[in-house]
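Notes to accompany the following structure.
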Amino acid sequence: MRTRSQARISVPEPPVRQPSVESSNLEKPDNPPIVTMADNRTMAQLLEAPTEGYEDAIVIPEITANNFEIKHGLLNLVQNKQFFGNDKEDPHAHIRYFNKITSTMKIPNVPNTSVKLMLFPFSLEGAARIWLEKEPPRSIETWDDLVSKFINKFFPPSKTTNLRNEITRFQQKFDETFYEAWDRFNDLLRGCPHHGFSELHQLDTFYNSLNSIDQDSLNSAAGGNFLDKMPRECLKIIESKSKVRQSRNKAVVAKMSTSSSTQAVSSDVAELKDMVRALILDRKNQTPASAPVKAVEQSCVTCGGGHSYQNCPATNSNIYHDNIQEYVSQAAAAKF
């Protein structure tokens, strides 16, 4: 018979897991300690200004050509007509001039856009140069990027709107000739090349802006209604009329200048006449008054007394009255 101690069930112990050498070598902590190196710079070195971040905004591509250099003549041409960024300056005209200058330089294995990127900063001055220097470093990589940023800076949308309104509301001035009006209208169009107006809209705007005399002249040149012609024909008529009017205006201006000079001479002559008249009047005022005429004293022809012969006591009759009176008249005239 088994005792209670013998009937006890024995439970086997779990095996103890031994650490693997391979796994212990691969496991690493999640946040390893950061080892910082000591900064051995002095106070003067730490306070020095940084030498980084001074790169230009324009990125110039690498040029592989040998012995490449910008000629001084080309550089002088670029600097002779610089853009300052004033309100009255036209950035589109500056880009056109710059393209014309740089197109004269052809170098093998050197793209023309690279030459433009190198020369464009020299064409700026004043506010325009300050704008380019404030652009972020290496922010302009192509010529198109440079032109786009330049135009958007100095030709904002508000300026475009104002110029479009000027074109739409264009009117011929009172003292403006046909040629002058056409030239001024073209200046507005060139000042805003992205105006978006079609050729038909431009011709219609210009025709309606003219006075009745010039409109009748265009209708006569068109052989009827000017607007009944094709746009190309209308443009030819306007161009030919502007040339004729220009030559006539020169003669009219010369005639007007001659007449104006004649009027100036006439005014000078009139002024001289007034001066002479004033001098004559002044001379008359300065002339001394004539001496008063002394009254003729009566003298008797009979006795020589201071009375009339009629009252002479020495004579009592008028026998010789007629002869004596004639004698008195002759004597008085001779004495006077």
Side-chain angles (χ1 to χ4, degrees), residues 77-103 120 123-128 131 147-219 221-222 226-227 229-254 256-257:
L77 287 176
V78 172
Q79 291 180 331
N80 283 339
K81 194 174 183 180
Q82 292 178 318
F83 185 85
F84 289 84
N86 300 328
D87 294 336
K88 295 183 179 180
E89 288 182 300
D90 186 4
H92 294 97
H94 181 71
I95 293 296
R96 287 193 295 267
Y97 175 79
F98 184 80
N99 287 333
K100 185 183 298 183
I101 293 299
T102 54
S103 63
F120 191 76
S123 69
L124 304 180
E125 193 58 59
W131 160 77
V147 173
S148 177
K149 290 187 175 182
F150 176 73
I151 295 297
N152 290 330
K153 173 62 179 178
F154 297 102
F155 207 100
S158 59
K159 190 173 183 179
T160 302
T161 303
N162 293 334
L163 287 178
R164 284 173 56 90
N165 292 335
E166 287 186 19
I167 295 172
T168 305
R169 297 194 297 263
F170 179 81
Q171 285 294 328
Q172 184 181 12
K173 297 180 180 179
F174 174 75
D175 56 345
E176 193 174 35
T177 62
F178 181 87
Y179 169 77
E180 293 172 346
W182 177 243
D183 189 60
R184 185 166 62 89
F185 185 73
N186 286 326
D187 287 340
L188 291 176
L189 296 177
R190 284 190 294 267
C192 187
H194 52 288
H195 51 74
F197 297 126
S198 62
E199 186 180 34
L200 175 64
H201 188 275
Q202 297 174 26
L203 294 173
D204 181 68
T205 301
F206 179 72
Y207 175 78
N208 291 321
S209 69
L210 298 174
N211 54 43
S212 59
I213 297 176
D214 288 331
Q215 285 185 354
D216 294 341
S217 178
L218 287 178
N219 293 331
F226 176 77
L227 299 179
K229 296 292 183 180
M230 300 293 291
R232 288 296 178 184
E233 296 177 350
C234 294
L235 182 60
K236 290 181 179 179
I237 294 173
I238 292 176
E239 290 289 348
S240 61
K241 177 176 171 56
S242 64
K243 294 177 181 179
V244 174
R245 294 292 296 179
Q246 183 182 10
S247 61
R248 290 181 179 177
N249 289 336
K250 292 180 179 179
V252 171
V253 169
M256 290 179 62
S257 61

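Just the heavy atoms: all of them, side chains too, but no hydrogens, waters or symmetry mates, feed the values below. What you are looking at is a predicted structure, and each value in this text was computed from that prediction instead of being measured.
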Is there any salt bridge (charged side-chain N to carboxylate O under 4.0 Å, His left out) pair reaching into residues 148-167, and which pairs are they, with sequence neighbours excluded? Glu135-Lys149
If every non-hydrogen atom of Lys229 is compared with every non-hydrogen atom of Ala222, which pair is closest and at what distance? CE-O, 3.0 Å
Going by the salt bridge (charged side-chain N to carboxylate O under 4.0 Å, His left out) test, which pairs reach into residues 184-207, not counting sequence neighbours? Glu176-Arg184, Asp187-Arg190, Glu199-Arg232
Ring pair (Phe, Tyr, Trp, His ring centres under 6.0 Å) against Phe226, all qualifying residues, sequence neighbours excluded: Tyr207
Working note: Ile238 + Leu203, criterion side chain to side chain contact (heavy atoms under 4.5 Å, CB included); need CA distance, chi angles, decisive distance, verdict. CA-CA 9 Å; Ile238 292 176; Leu203 294 173; 3.9 Å; yes
Would you say the side chain of Leu189 lies within less than 4.5 Å of the side chain of Asn186, judging by non-hydrogen atoms? yes
Parallel, tilted or perpendicular, judged at 30° and 60°: which one describes the rings of Phe150 and Phe120? perpendicular
Any chance you could lay out the side chain to side chain contact (heavy atoms under 4.5 Å, CB included) test for Asp214 and Lys241, step after step, and finish with the verdict? CA-CA 10 Å; Asp214 288 331; Lys241 177 176 171 56; 4.2 Å; yes
Separation of Gln79 CD from Leu124 CG (nearest 0.5 Å): 11.0 Å
Phe185 side chain near Ile167 side chain, heavy-atom distance below 4.5 Å: yes
Only counting residues at least two apart or in another chain, list the ones meeting side-chain hydrogen bond (donor to acceptor under 3.5 Å, both in side chains) with Ser209. none
CG/Asn211 to CD/Gln172 distance, rounded to the nearest 0.5 angstrom? 4.0 Å
Give every donor-acceptor pair under 3.5 Å between a side-chain atom in residues 93-101 and any protein atom, sequence neighbours left out.
unit_1	atom_1	unit_2	atom_2	d
His94	NE2	Ser123	OG	3.2
Tyr97	OH	Leu77	O	3.2
Asn99	OD1	Lys116	NZ	3.1
Asn99	ND2	Ile95	O	3.2

Between Glu89 and Phe154, does the side chain to side chain contact (heavy atoms under 4.5 Å, CB included) criterion hold? Intermediate values first, please. CA-CA 9 Å; Glu89 288 182 300; Phe154 297 102; over 6 Å; no
To the nearest 0.5 Å, how far apart are CG in Leu227 and SG in Cys234? 6.5 Å
Is it the case that the ring center of Phe206 lies less than 6.0 angstrom away from the ring center of Phe178? yes
What verdict does the side chain to side chain contact (heavy atoms under 4.5 Å, CB included) test give for His195 and Leu163, after you've listed the backbone C-alpha separation in whole Å, the side-chain angles of each residue and the deciding distance to 0.1 Å? CA-CA 8 Å; His195 51 74; Leu163 287 178; over 6 Å; no
Would you name the heavy atoms of Thr160 and His194 that are closest together and state the gap between them? OG1-NE2, 2.9 Å
List the atom of Gly85, the atom of Ala128, and the distance in Å for their closest heavy-atom pair. N-CB, 4.2 Å
For Thr168, give me all partners under side chain to side chain contact (heavy atoms under 4.5 Å, CB included), at least two apart in sequence or on another chain. Phe197
Could you measure the distance from the CE atom of Met230 to the CG atom of Leu235? Nearest 0.5 Å is fine. 12.5 Å
Closest approach of Gly191 and Asp90, non-hydrogen atoms and distance? CA-OD2, 3.8 Å
